[in-house]
Amino acid sequence: MRANVTLEKITALAKRRGFIYPTSEIYGGLGSSYDYGPLGSELLRNIRDLWWRELIHKRTDMIGLDSQILLHPQTWVASGHVDEFNDPLVEDKVTHRRYRADFLLEDWLKKHPQPEQLSVEELDIDRIGELLVKFDIKSPEGNPITEPKKFNIMFETAIGTVTGEKNTLYLRGETAQGIFTNFKQVLDSTRLQLPFGIGQIGKSFRNEITTGQFIFRTLEFEQAEIEYFFDPEKTDWRTLFNNWQQTMWDFVVDHLGISHENLRWRRHTDKERSHYSQETYDLDYIFPFGFKELWGIAYRTDYDLKRHIQFSGRSLEYTDPRTGRNFIPHVIEPAAGINRFLLMVLCDAYREDSENQRTVLSLKPTLAPYKVAVFPLLKNRLELVEKAHSVFDALAGVLPSTWDERGNIGKRYYYQDEIGTPFCVTIDFQTLDDDSVTVRERDSMQQVRIGIGQLLSYLQQHLANG
Ligand code: ATP
């Protein structure tokens, strides 16, 4: 089952059924950009809502925030993004196509293993350049490539002020900085005491040099980030870090329904870690193209608040209410991508049931775009259609529901299985006699006959158990 999942199959299903479309397709598409169709937008929303419910609403130590995409440009100078947010770029000397030098090296090493263990993540740009020359690595088109140079992946834009001046702004490269710059305002406007966390979901932008991994790496994407602030003298960072790792793992396994054998933790080496971090782990998922980062966790110490104090001249300190001690809190950051969650969920839920000649998205009911589909057995029998509409109306106010009257029942099941709808309800001639309907479950394909009066509670109970 799992062995059959390829990125091609996921991409095709996502397009065919309206989860994900290439952006601006009528103009030939826009590289590394995708739109979310009717079902994809529901799935995204369900993932987002679940993250918010589990990690913010259900906890007394967490609150939410919604900061801007465009922040004061000094934010990004202070955070280090303007100077340090770089990827190594090479160009094909013939086609002028651009590639990530580290990815070219990594691909080459996979095909030509070396006696010395080379970990590409740990290499600086000079060493990557040296190895590209040493191994005579060419572009994917087989042409010579330029030396790697640093390419800043912040998107720049500009605003005109009333005086007509032009000011450079950046589309945010992460949501985290909007949390740091609001830290003091949150402290002053709430009754929170350390330790506590601020969570945010929103768009981030990176001018990624990338080639075809579908929605894994896109120019525009949605992040779900938490900055968890604490007093390093009172809270052991290692314990807190481990607790957050457990929370992340549990969220992915229990709430997104991912098989734990498809996940692993990977520790960043000292060389690989970002400039602000003292410890970083990635929670990796085995995508069809290998284990890749899904959710990172970093101990950012007091780096960001300190830098914002330095660049803004404002105090961003915390005063211990009991002792009166002033200090800069430290922070642990679990940072995830909602779109990568979505890609993982599609890959993990994808099943080919050859015995029954069907493809099934075995999504957790909480994630399924529709929880139930309602069918009149025949679309040209008014009494069936009317009865089915009354059932649909009763369900749709409570559960996301869909309607289908096209084709035969078999085709309708086939379609609903492919989009992950947990239950299908059919209204037939017996319904007109005894007010009962057929309920068919997606994974087991089992059918039961239920009275309309009990239908909603039956579905709710089974959806909650799923
Ligand atoms: P990568 O190493 O894959 O580039 P990163 O370490 O730069 O990711 P972070 O800065 O830690 O990523 O961002 C947090 C999360 O945001 C990542 O774990 C990932 O899920 C998501 N993310 C980052 N960049 C992208 C992107 N270009 N497209 C989609 N999601 C992204």
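Just so you know, residue 1 is the first one in the sequence shown, and it goes up from there. No hydrogens, no waters, no symmetry mates; every other heavy atom, side chains included, goes into these values. Ligands are counted one by one from 1 in listed order, and the atoms in each one are counted from 1 as well.
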> Between Asp61 and Arg59, is there a salt bridge with N-O shorter than 4.0 Å?
Replying inline: yes
> Quick one: do the Asn465 and Gln461 side chains pair a donor with an acceptor below 3.5 Å?
Replying inline: no
> So, for Tyr285 and Phe291, is the gap between ring centers shorter than 6.0 Å?
Replying inline: no
> Between Phe287 and Phe216, what is the ring plane arrangement, given parallel below 30°, perpendicular above 60°, and tilted in between?
Replying inline: perpendicular
> With Asn242, which residues qualify under side chain to side chain contact (heavy atoms under 4.5 Å, CB included), at least two apart?
Replying inline: Arg238, Gln245
>> Closer than 4.0 angstrom, basic N to acidic O: yes or no for Glu418 and Arg16?
In response: yes
> Which parts of the protein, at residue level, reach under 4.0 Å of ligand 1 through a heavy atom?
Replying inline: Arg206, Glu208, Phe216, Arg217, Thr218, Phe221, Gln223, Glu293, Leu294, Trp295, Gly296, Ala335, Ala336, Gly337, Arg340
